[in-house]
Amino acid sequence: MSSTGDDVRAFALSLPETAEQFTWGMPTFRVAGKLYLTLPENETSMAVRCPIIERDELVLAEPGKFWIASHEANNAWVRVRLAALDDRDELEAIITDSWRQAAPRNLLDNDAV
């Protein structure tokens, strides 16, 4: 399966309190106003929140799928090549994990996702 920016957009917007904005020349997605996903590189990749230790492990394990943009090297973000994802479940799991890292506690406590 080859995921697209439209797939990312549709799933991200299905998550509670998510809004899309155009910032820094690209689509960005926020939960309750807090950034959790961007669609850079002409929507062929996405940038998502990811703890630095896990991010580094992902990049080492699957460099064809994950990479770190130089300007994000010191931040808890990882880039994901959409065409390299295995299936829709993987896409949704990555987006959901990033959403959970940014979502306010009341959404997490209510088992919104």
Side-chain angles (χ1 to χ4, degrees):
M1 175 200 157
S2 183
S3 297
T4 67
D6 288 339
D7 296 327
V8 171
R9 181 175 286 103
F11 185 73
L13 290 173
S14 76
L15 297 172
E17 294 192 35
T18 291
E20 181 177 2
Q21 297 178 349
F22 199 76
T23 311
W24 309 302
M26 72 185 103
T28 63
F29 298 83
R30 299 166 193 273
V31 54
K34 194 167 180 183
L35 184 66
Y36 75 93
L37 186 147
T38 67
L39 273 172
E41 285 87 42
N42 297 317
E43 299 188 15
T44 60
S45 71
M46 63 181 173
V48 294
R49 291 175 171 268
C50 185
I52 290 175
I53 292 171
E54 291 176 27
R55 174 196 73 179
D56 293 346
E57 291 172 359
L58 286 171
V59 171
L60 285 173
E62 296 185 82
K65 188 180 293 185
F66 301 101
W67 87 99
I68 303 165
S70 60
H71 68 280
E72 295 167 344
N74 295 319
N75 298 310
W77 287 82
V78 68
R79 298 288 177 104
V80 184
R81 290 176 181 86
L82 297 180
L85 293 173
D86 296 332
D87 54 29
R88 180 126 180 131
D89 289 343
E90 184 178 30
L91 173 73
E92 292 178 3
I94 291 168
I95 294 171
T96 300
D97 186 56
S98 185
W99 179 90
R100 285 186 173 135
Q101 291 178 58
R105 179 162 293 189
N106 67 310
L107 288 179
L108 299 175
D109 290 344
N110 293 331
D111 292 326
V113 176

- With hydrophobic residues grouped by side-chain heavy-atom distances under 4.5 Å, do Leu35 and Val31 end up in a single group? no
- Looking only at heavy atoms, the pair that brings Glu20 and Pro27 closest together is OE2-CB, 3.4 Å
- Message: Are Leu85 and Trp99 connected into the same hydrophobic cluster when the rule is that any two of I, L, V, M, F, W, Y join if their side-chain heavy atoms are below 4.5 Å apart?
- Response: yes
- Message: What I want to find out is whether Arg100 reaches Asp97 closely enough, with some N-O distance under 4.0 Å, to be called a salt bridge.
- Response: no
- Donor-acceptor contact below 3.5 Å, side chain Ser98 vs main chain Arg49: yes
- Query: Do Ile94 and Leu91 share a hydrophobic cluster (ILVMFWY, side-chain heavy atoms under 4.5 Å, transitive)?
  - Reply: yes
- Task: Verify, without hydrogens or angle tests, whether Arg30 (side chain) and Glu17 (backbone) share a donor-acceptor contact under 3.5 angstrom.
- Result: no
- Minimum heavy-atom distance between Glu72 and Ala47, given as atom pair plus value: OE2-CB, 4.2 Å
- Minimum heavy-atom distance Met46-Leu37, with the two atoms named: SD-CD1, 4.0 Å
- Which atom names give the shortest non-hydrogen contact between Gly64 and Ala84, and what distance separates them? O-CB, 3.6 Å
- Where Asn74 and Ile52 come nearest, the two heavy atoms and their spacing: O-CD1, 3.9 Å
- Task: State whether the side chain of Glu90 and the backbone N or O of Asp86 hold a donor-acceptor pair below 3.5 Å, judged by distance alone.
- Result: yes
- Task: Would you tell me whether Thr96 and Glu92 have side-chain atoms, one donor and one acceptor, within less than 3.5 Å of each other?
- Result: no
- Item | Salt-bridge criterion met for Arg81 and Glu41 (N-O under 4.0 Å) | no
- Under 3.5 Å: donor-acceptor pair, side chain of Arg55, backbone of Asn75: yes
- Query: If you measure only the distance, is there a donor-acceptor pair under 3.5 Å linking the side chains of Tyr36 and Thr28?
  - Reply: no
- Any link between Val59 and Trp77 through a network of hydrophobic side chains (Ile, Leu, Val, Met, Phe, Trp, Tyr) touching at under 4.5 Å? no
- Message: A quick test of your reading: do over 12 heavy atoms of other residues, nucleotides or ligands sit less than 6.0 Å from CD1 of Ile53?
- Response: no
- Task: Could you point out which residue of Thr4, Thr44, Asp7, Val8 forms a side-chain contact (heavy atoms from CB on, under 4.5 Å) with Leu82?
- Result: Val8
- Query: Mind checking whether Ser45 and Trp67 have side chains closer than 4.5 Å, heavy atoms only?
  - Reply: yes
- Item | Heavy-atom side-chain proximity of Asp56 to Ile68 below 4.5 angstrom | yes
- Quick one: do Arg88 and Phe11 satisfy side-chain contact (heavy atoms from CB on, under 4.5 Å)? Show the steps, please. CA-CA 10 Å; Arg88 180 126 180 131; Phe11 185 73; 4.1 Å; yes
- Message: Quick check: closest heavy atoms across Pro63 and Leu60, and the distance to 0.1 Å?
- Response: CD-O, 3.7 Å
- Message: Tell me whether Leu13 shares a hydrophobic cluster with Met26, the cluster being built from Ile, Leu, Val, Met, Phe, Trp, Tyr side chains joined at under 4.5 Å.
- Response: no
